[in-house]
J.: 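Okay, here's the structure, questions in a sec.
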Amino acid sequence: PRGHKRFLEALFVTFVITSFNFWVVILLSEGPYMLEELPDDIAIFWRTGTKAMKQLFHGQEDFDLRYLFLFAVMNFIFTCWNYGVGVPSGL
């Protein structure tokens with residue numbers, strides 16, 4: 001795609017990824033929380049990629065394996081989809 005189609009494709013991908021990361025936390029959490037109050041295994045969905053990876057590899061928290069699996073699978077899928085979009089990504 002070129003022109004407006006490429007721009008709309010990038011907006012659509014951004015919308016889907018952002019919506020998923022928002023709704024997964026809403027659906028998995030047991031009540032209304034502030035970001036600072038979220039359990040660490042759910043909060044990784046709302047953190048930036050760098051902060052989430054730092055927490056996963058260097059944090060001392062115990063994570064629920066179901067949430068870790070969901071986080072890993074969805075990050076892999078979204079990363080592949082994102083880099084397939086025809087916009088410059090700086091890589």
J.: Give the cluster check for Leu68 versus Leu27: same hydrophobic cluster or not, with ILVMFWY residues linked at side-chain heavy-atom distances below 4.5 Å.
T.: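 As far as the 4.5 Å side-chain criterion goes, Leu27 and Leu68 are not connected within one cluster.
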J.: Do Phe57 and Phe45 sit in one hydrophobic cluster, given that two such residues count as connected whenever their side-chain heavy atoms are within less than 4.5 Å of each other, even indirectly?
T.: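 Same hydrophobic cluster.
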J.: Closest heavy-atom contact between Gln60 and His58?
T.: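 Residues Gln60 and His58, closest heavy atoms: NE2-O, 3.8 Å.
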J.: Find out if a path of hydrophobic residues (ILVMFWY) with successive side-chain heavy-atom gaps under 4.5 Å connects Phe7 to Val85.
T.: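 No, no single cluster joins them.
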J.: Residues two or more places apart in sequence or in another chain: which of them pass side chain to side chain donor-acceptor pair (under 3.5 Å) with Asp40?
T.: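 Checked Asp40 against side chain to side chain donor-acceptor pair (under 3.5 Å); matches are Gln55.
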J.: Begin with the C-alpha distance, continue with both residues' side-chain angles, and end with the deciding distance and a verdict on side-chain contact (heavy atoms from CB on, under 4.5 Å) for Leu8 and Phe12.
T.: CA-CA 6 Å; Leu8 291 175; Phe12 177 73; over 6 Å; no
J.: Could you see if Leu65 belongs to whatever hydrophobic cluster contains Tyr67? Use Ile, Leu, Val, Met, Phe, Trp, Tyr and a side-chain cutoff under 4.5 Å.
T.: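 Yes, it is one cluster - the side chains of Leu65 and Tyr67 are joined through contacts under 4.5 Å.
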J.: Please list every donor-acceptor pair under 3.5 Å in which a side-chain atom of residues 69-76 meets a protein atom from a residue at least two apart or in another chain.
T.:
residue	atom	partner	partner atom	Å
Asn75	ND2	Phe71	O	3.4

J.: Give every residue pair that meets the salt bridge (charged side-chain N to carboxylate O under 4.0 Å, His left out) criterion with at least one member in residues 52-62, sequence neighbours excluded.
T.: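 For residues 52-62, and leaving out neighbouring residues, there are no salt bridge (charged side-chain N to carboxylate O under 4.0 Å, His left out) pairs at all.
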J.: Does anything in residues 66-85 form a salt bridge (charged side-chain N to carboxylate O under 4.0 Å, His left out)? List the pairs, not counting sequence neighbours.
T.: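 The answer is Asp64-Arg66.
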J.: Mind checking ring-ring contact (aromatic ring centres under 6.0 Å, His included) for Phe22 and listing every partner two or more places apart, or none if nothing turns up?
T.: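 Phe22 satisfies ring-ring contact (aromatic ring centres under 6.0 Å, His included) with Trp46 once adjacent residues are dropped.
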J.: With side-chain contact (heavy atoms from CB on, under 4.5 Å) as the criterion, how do Leu28 and Asp41 come out once you've worked through the C-alpha distance, each side chain's angles and the decisive distance to 0.1 Å?
T.: CA-CA 10 Å; Leu28 294 178; Asp41 48 3; over 6 Å; no
J.: Sequence neighbours left out, what pairs pass side-chain hydrogen bond (donor to acceptor under 3.5 Å, both in side chains) with at least one residue falling in residues 11-30?
T.: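 Of all non-adjacent pairs touching residues 11-30, none passes side-chain hydrogen bond (donor to acceptor under 3.5 Å, both in side chains).
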